[in-house]
Amino acid sequence: MRLLTPAMYAESIFEIDLKKLKDNNIKGLIIDIDNTLVAWDIKYASEDTKKWLLNLLKEGFKVCLVSNNTEDRVVTFNEELKLPAIHRANKPRRGAFRKAMTKMGTDINCTAIIGDQIFTDILGGNRMGIYTVLVVPIESKEFWWTTLVRRVERHVLRIVLKNHRKEGKK
Ligand SMILES: [Mg+2]
């Protein structure tokens, strides 16, 4: 269980306490992309997210994007940001975490992972021995919409079936 428990938890990236990270001697941030920075089906970061990422650099943090997604996804997302980035990271395996720390020039004592998934980001980070920050996953609007549509469909279907059964009894 300890391996699945984050050191810090935030409602979104914007709620992450950067001062607390600094107090914990964190200098490098490994950041997940899908559902952490942007919904999985959205190609580019929002203006607010771009601002947040660039502010990290201003605050003196080193940043490396680390995603299990494809090269295409990561390169497109990073087109404008031009941050150090690793695709097909195979989190929770440790290889990409090591690579990211090399890119940032940091070590396990001053690196944190920020991600939305317990079984990839948090487990991987804790296995590596780095500071872990769990954020609530960003829900895709499209996904939210299909879920709602399905729920309505099921509800309608239930009413239809009920009426159908009543009709049958008459
Ligand atoms: Mg993710």
Side-chain angles (χ1 to χ4, degrees), residues 1-18 20-21 24 26-57 59 61-104 106 108 110-148 150:
M1 276 314 279
R2 198 182 50 81
L3 281 175
L4 299 176
T5 310
M8 189 194 282
Y9 171 84
E11 288 293 320
S12 80
I13 51 167
F14 305 110
E15 307 296 319
I16 294 171
D17 188 345
L18 299 181
K20 195 174 164 194
L21 290 179
N24 278 283
I26 301 302
K27 296 185 165 52
L29 299 171
I30 294 172
I31 309 179
D32 171 55
I33 297 177
D34 291 346
N35 300 338
T36 296
L37 292 175
V38 67
W40 62 269
D41 57 343
I42 305 293
K43 280 193 171 174
Y44 299 100
S46 70
E47 287 306 313
D48 284 347
T49 300
K50 276 185 216 159
K51 237 187 260 168
W52 181 81
L53 283 167
L54 297 176
N55 179 59
L56 294 178
L57 304 178
E59 291 274 347
F61 291 104
K62 297 266 192 288
V63 172
C64 184
L65 304 176
V66 175
S67 171
N68 280 358
N69 214 326
T70 61
E71 179 171 10
D72 241 27
R73 158 59 153 168
V74 175
V75 168
T76 304
F77 179 83
N78 198 23
E79 234 166 45
E80 222 185 295
L81 294 161
K82 296 188 172 55
L83 293 165
I86 295 167
H87 56 267
R88 290 230 185 270
N90 266 324
K91 291 174 284 182
R93 297 189 64 184
R94 279 166 283 194
F97 290 88
R98 285 200 197 98
K99 231 194 259 175
M101 287 191 281
T102 306
K103 276 181 192 276
M104 297 189 292
T106 60
I108 57 166
C110 63
T111 304
I113 163 91
I114 300 172
D116 69 296
Q117 285 198 295
I118 289 174
F119 288 104
T120 57
D121 306 309
I122 303 309
L123 177 62
N126 281 335
R127 282 180 68 210
M128 188 79 237
I130 64 175
Y131 196 88
T132 50
V133 182
L134 181 70
V135 296
V136 176
I138 298 170
E139 270 198 56
S140 156
K141 287 206 179 74
E142 207 174 300
F143 187 71
W144 174 84
W145 178 242
T146 26
T147 314
L148 182 75
R150 277 197 206 118

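Worth knowing before you read on, the calculation uses all heavy atoms, side chains too, and leaves out hydrogens, waters and symmetry mates. Counting starts at 1 for both ligands and their atoms, in listed order.
- Atom CZ of Phe119 is surrounded by 12 or fewer heavy atoms from other residues, nucleotides or ligands within 6.0 Å.
- Residue contacts to the Mg ion (ligand 1): Asp121 brings no N, O or S atom closer than 2.8 Å.
- With hydrogens and angles disregarded, a donor-acceptor distance shorter than 3.5 Å links the side chain of Thr132 to the backbone of Ala7.
- Ile16 CD1 to Trp52 CH2: the interatomic distance, rounded to the nearest 0.5 Å, is 4.5 Å.
- Sorting the N, O or S atoms of Asp116 by how far they are from the Mg ion (ligand 1) puts OD1 first.
- For Asp34, the N, O or S atom closest to the Mg ion (ligand 1) goes by the atom name O.
- Nearest N, O or S atom of Asp32 to the Mg ion (ligand 1): atom OD2.
- The distance from atom OG1 of Thr76 to atom CD of Glu71, rounded to the nearest 0.5 Å, is 9.5 Å.
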